[in-house]
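Okay, so here's the structure we're looking at.
All residue numbers in this chain count up from 1 along the given sequence. These numbers come from a predicted model, not from an experiment.
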Amino acid sequence: MIAQYTNRRISPGSPEPLGASINHGGVNFSVASHFATAVYLLLFNNPDDGEPTDIIHMNRDDYGVWHIFVHGIKAGHLYGYKVDGDYNPREGKRFNRNKLLIDPYAKAVSGKCNHNDGLLFAYDIKSEEEDLSFDNRDNSKQMAKSIIVDNEFDWQDDSLPRIPESDTIIFETHLKGFTAHPSSGVKHPGTYKGFIEKIPYLKELGITTVELMPIQEHHVQQFVLDRGLTNYWGYDTLAYFAPEVTYCNKQYSGCQVTEFKTLVRELHKAGLEIILDVVYNHTPEGNHLGPTLSLKGVDNLTYYRLTGDNDIESMRYYFDQTGTGNTLNAENPQCLRLIIDSLRYWVSIMHVDGFRFDLASALGNLNGTFDPNAPFFRAISEDPLLRKVKLIAEPWDMTQYQVGNFPPGWLEWNGNYRDTGRRFIKGDDNQAAEFARSISGSSGLFQKEGRKSVESINFITAHDGFTLYDIFSYNEKHNESNKENNNDGANDNNSWNCGTEGDTADRHILLLRKKLIKNSLLTLMISRGTPMVYGGDEFMRTQNGNNNAWCQDNEISWYNWELVHKNRDVFEFFKKAVSLRKQYGPLHENEFLTGRSQSAGGMADILWYDKNLSDPRWDYPKLKTLCFLLYNAALQGEDNVHFLYFVFNMHFRSVYVHLPPIKNMKWYRVIDTSRKAGQDFLAHGKEKVLRNQKRQRCNARSCSLFITKSHSPLASIILQKFDPFNL
């Protein structure tokens with residue numbers, strides 16, 4: 001038992017809602033722990049205090065929920081829990097009444113936990129018995145504290161933009177890294193406020209949706225700090241309701257909540273959505289040898305997937321589906337409630353527009369296997385709030401690859417699109433057919449159960465891997481600065497250094513790299529599906545060949561804004577590619593491109609050709625010049641009808657490409673990625689008519705777009721081959 005003391009007025013309180021809730025002149029505290037024998041609320045005045053001002057025994061209801069009401073305290077006050085019960089790891093019970101715990105429902109956290117002599121562990125880290133031993137030292141001084149938060153905020157009539165998936169263009173970025181570099185020029189670098197200062201830049205790009213890498217409060221492991229590094233990416237969530245404290249200006253206790261809400265409000269004012277990258281597959285408490293920070297000490301048996309009950313040792317160990325030591329047990333009702341409650345909080349109270357779920361296949365467990373009808377998916381589909389926001393899955397984990405298998409309505413990162421796009425653009429053999437399928441919406445993966453092409457998140461780069469510049473600058477990863485002997489990070493990057501590893505002054509190599517980058521950005525913007533660009537790729541940001549910069553909170557990861565000016569031509573090219581996607585309907589519709597007419601007597605939605613206007617030989621390994629024709633109806637406010645003819649020539653040599661003969665129309669050049677800045681992408685209305693209307697030379701490793709114009713809505717087409725090739 002723990003000695004109790006308080007001079008405060010207390011009442012029994014209520015088991016609902018979970019967490020710390022302000023009302024009626026005080027705060028109701030509630031925490032669920034089915035197997036605990038006692039739970040204590042500890043109140044603190046300061047984040048670094050080791051001695052609480054109050055220790056209060058909480059009441060238990062019939063369902064294992066512990067609660068108490070404390071009169072006279074308010075927002076900004078600090079607290080934590082200590083939970084008593086059996087310490088028997090062999091049975092999955094890891095209660096240690098000496099260890100202060102973060103409230104699983106904490107709305108804010110005071111700071112980072114202080115690693116000191118193993119005090120964050122429930123066992124004696126020096127014992128030969130490892131986690132079967134018991135540590136009886138108090139760690140209240142070393143632990144971060146939970147903060148009481150109210151919901152007061154002036155939202156100024158804020159509402160979610162609700163941008164349709166077909167119009168969505170995602171910009172993935174890191175909140176701190178976006179403005180941390182001195183070149184960012186913001187007043188509050190690396191913070192929520194600093195990000196607000198860069199909203200005009202995002203508007204200029206034309207993207208619609210910001211996807212932030214984790215901003216929920218995360219933990220930094222000791223082994224990372226020992227290397228002089230940190231958990232920069234933040235994929236080790238400690239508190240699922242709390243915005244990250246290090247991204248605020250720390251002017252008062254809990255200010256991170258207000259600053260994050262302000263960011264959301266200002267993004268919405270600009271018409272931009274905000275999606276959070278969330279990590280509900282694991283926590284930083286690791287395996288049986290990991291620290292005890294929150295869920296492990298609150299109720300280990302409830303929140304984690306343990307290996308089973310076939311022998312006396314099996315409940316001691318964790319099922320590791322994530323490569324981090326543990327996996328949350330989303331099949332357990334209480335664990336599932338924590339996930340759903342926190343998601344609802346971020347939508348209803350924090351006004352976010354959706355979520356990208358890290359290693360999402362780990363959440364779809366039903367009786368040990370992935371199932372689109374798993375409790376997690378059912379809970380979201382049945383929730384009137386969550387089913388209306390954007391839901392994006394990273395559809396794999398360390399044990400399975402489930403691309404295309406998520407429920408209808410879910411968007412999924414399409415790893416196949418990424419890999420195929422990289423291979424085709426750098427000129428690999430045997431890629432043309434799969435590249436065409438990717439351009440058309442990846443129907444082989446997503447066309448089932450009424451799903452749409454927009455459910456494929458098309459990307460060539462993301463935070464996990466090379467930047468776009470590095471894809472075409474490095475054959476090998478260079479992760480030495482991560483201090484793991486370059487053994488971390490993926491080895492299969494499908495990259496090409498264009499002849500020289502890393503930086504070079506060779507003008508020809510630099511021009512080639514720019515051309516391939518433009519090819520990649522254009523491919524993203526003209527493909528059916530939902531495009532996602534990794535922030536900084538639009539101005540050729542580099543990580544110096546590091547393809548796993550999770551621990552690099554420095555110039556390796558930060559955005560060097562000087563590159564916007566240095567690589568202005570790529571920046572302008574990307575803006576125009578975004579505008580092109582918005583301008584032409586066939587580039588952003590929901591349906592898959594099939595090679596068939598979508599209406600009786602109409603034209604096929606896409607027609608594929610080789611350079612001679614013949615059907616492509618899809619089985620030919622060296623097919624690297626690929627052309628396709630799209631029809632676009634009159635633009636809004638105009639009477640023009642258009643045909644768009646895209647040419648991808650990924651050969652190392654130039655080729656002559658025949659143009660489809662269109663009656664009463666002329667071909668104009670819009671894009672040629674091999675041309676110099678200003679001529680590579682011509683603005684709408686500034687397209688140049690081709691002197692030769694029958695064929696056009698397309699330079700090596702380049703992409704081109706030609707369009708026709710006609711003021712006749714009855715313009716007809718005469719093609720050498722009208723019969724579409726069915727992919």
### Query
Looking at the rings of Trp558 and Tyr232, which for Trp means the six-membered one, are their centres under 6.0 Å apart?
no
### Message
Please check this pair: side chain of Glu172 against backbone of Gly535, looking for a donor-acceptor N/O pair closer than 3.5 Å.
### Response
no
### Query
Would Tyr304 and Glu285 count as having a side-chain donor-acceptor pair, cut-off 3.5 Å?
yes
### Query
Taking atom NZ of Lys582 as the centre, does the number of heavy atoms from other residues, nucleotides or ligands within less than 6.0 Å exceed 12?
yes
#### Entry: Test of ring centre spacing under 6.0 Å for Phe153 and Phe260
no
### Task
Kindly say whether Leu205 contributes a backbone atom to a donor-acceptor pair with the side chain of Glu538 at under 3.5 angstrom?
no
#### Entry: Residue pair Phe29, Trp66: steps toward the ring pair (Phe, Tyr, Trp, His ring centres under 6.0 Å) verdict
CA-CA 8 Å; Phe29 296 88; Trp66 302 78; over 10 Å; no
### Query
Taking NZ, NE, NH1 and NH2 as the nitrogens, is one of them in Glu244 or Lys112 under 4.0 Å from a carboxylate oxygen of the other?
yes
### Contacts of type side-chain contact (heavy atoms from CB on, under 4.5 Å), residue Asp341, not counting sequence neighbours
Tyr105, Phe241, Arg337
### Task
Return yes if some donor-acceptor pair links the side-chain N/O of Ser253 with the main-chain N/O of Gly76 below 3.5 Å, else return no.
yes
### Query
Judged by modelled atom types alone, do Tyr235 and His463 share a side-chain donor-acceptor pair under 3.5 Å?
yes
### Query
With sequence neighbours excluded, what pairs up with Trp550 under the ring pair (Phe, Tyr, Trp, His ring centres under 6.0 Å) test?
none
### Message
I need the Ser348 OG to Leu343 CG distance, nearest 0.5 Å.
### Response
10.5 Å
### Query
Got a donor-acceptor contact below 3.5 angstrom from the Lys566 side chain to the Phe539 backbone?
no
### Task
Could you tell me whether the side chain of Asp61 and the main chain of Val65 form a donor-acceptor pair under 3.5 Å?
yes
### Straight-line distance of Asn7 CG to Ile10 CD1, nearest 0.5 Å
11.0 Å
### Query
Quick check: does any side chain N or O of Asp299 sit under 3.5 Å from a backbone N or O of His34, one acting as donor and the other as acceptor?
yes
### Query
Can the positive tip of Lys107 be found less than 6.0 Å from the middle of the six-membered ring of Tyr345, inside 45° of the ring normal?
yes
#### Entry: Those residues that, when tested against His219, pass side-chain hydrogen bond (donor to acceptor under 3.5 Å, both in side chains) (two or more places apart)
none
### Message
For Lys576, give me all partners under side-chain contact (heavy atoms from CB on, under 4.5 Å), at least two apart in sequence or on another chain.
### Response
Phe681
### Task
For Asn554 and Ile556, indicate whether the former's side chain and the latter's backbone hold a donor-acceptor pair under 3.5 Å.
yes
### Contacts of His57 that satisfy ring pair (Phe, Tyr, Trp, His ring centres under 6.0 Å) - sequence neighbours left out
Tyr40
#### Entry: salt bridge (charged side-chain N to carboxylate O under 4.0 Å, His left out) partners of Glu412, counting only residues at least two apart
Arg451
### Query
Are His77 and Tyr79 an aromatic pair by the rule of ring centers under 6.0 Å?
no
### Task
Run the ring-centre check on His174 versus Trp233 and record whether the distance is less than 6.0 Å.
no
### Message
Please determine whether the number of non-hydrogen atoms from other residues, nucleotides or ligands lying under 6.0 Å from atom CZ of Arg387 exceeds 12.
### Response
yes
#### Entry: Pair Asp353-His268, side-chain donor/acceptor within less than 3.5 Å
yes
### Message
Looking at Trp561, I'd like to know if the NZ or CZ of Lys198 sits under 6.0 Å from its six-membered ring centre while staying within 45 degrees of the ring's axis.
### Response
yes
### Message
So that I know where these two stand, are Tyr584 and His684 an aromatic pair - ring centroids less than 6.0 Å apart?
### Response
no
### Task
Output all residues satisfying side-chain hydrogen bond (donor to acceptor under 3.5 Å, both in side chains) with Lys575, sequence neighbours left out; order by chain, then residue number.
Glu204, Glu572
### Task
Run the salt-bridge test on Lys390 and Glu273 with the 4.0 Å N-O cut-off and return the result as yes or no.
yes
### Query
Would a line drawn from the ring center of Tyr280 to the ring center of Tyr240 be shorter than 6.0 Å?
yes
### Query
Between Thr209 (side chain) and Ile170 (backbone), is there a donor-acceptor pair under 3.5 Å?
no
### Query
Quick one: are the ring centres of Phe459 and Tyr534 less than 6.0 Å apart?
no
### Query
With sequence neighbours left out, what residues match Thr6 under side-chain hydrogen bond (donor to acceptor under 3.5 Å, both in side chains)?
Asp54
### Message
For the CD atom of Gln334 and the CG atom of Leu295, what is their distance to the nearest 0.5 Å?
### Response
10.0 Å
### Message
Checking Asp236 against His282: is there a side-chain donor and acceptor pair closer than 3.5 Å?
### Response
yes
### Task
For Asn281 and Asp358, test the side chains for any donor-to-acceptor distance below 3.5 angstrom and give the result as yes or no.
yes
### Task
With sequence neighbours excluded, tell me which residues meet salt bridge (charged side-chain N to carboxylate O under 4.0 Å, His left out) with Asp158.
none
### Message
Per the salt bridge (Lys or Arg N to Asp or Glu O under 4.0 Å) rule, what does the pair list look like for residues 376-386, sequence neighbours excluded?
### Response
Arg344-Asp383
### Query
If only atom types and distance count, is the side chain of Thr322 paired as donor or acceptor with the main-chain N or O of Thr327 below 3.5 Å?
no
### Message
Classify the ring geometry of His71 against Phe69: parallel below 30°, tilted from 30° to 60°, perpendicular beyond 60°.
### Response
perpendicular
### Query
Cation-pi between Arg541 and Tyr559: NZ/CZ under 6.0 Å from ring centre and within 45° of the ring axis?
yes
#### Entry: is_close_aromatic(Phe357, Trp413), centroid dist under 6.0 Å
no
Would you give me the side-chain donor-acceptor pairs under 3.5 Å for residues 43-50, sequence neighbours excluded?
residue : atom : partner : partner atom : Å
Asn46   : ND2  : Asp49   : OD2          : 3.3
Asp49   : OD2  : Asn46   : N            : 3.0

### Task
Check whether NZ of the Lys or CZ of the Arg Arg265 lies under 6.0 Å from the centre of the six-membered ring of Trp155 and within 45 degrees of that ring's axis.
no
### Task
Name all residues meeting the side-chain contact (heavy atoms from CB on, under 4.5 Å) criterion together with Tyr5; count only those two or more places apart in sequence or in a different chain, and write none if there are none.
Glu51, Pro52, Ile55
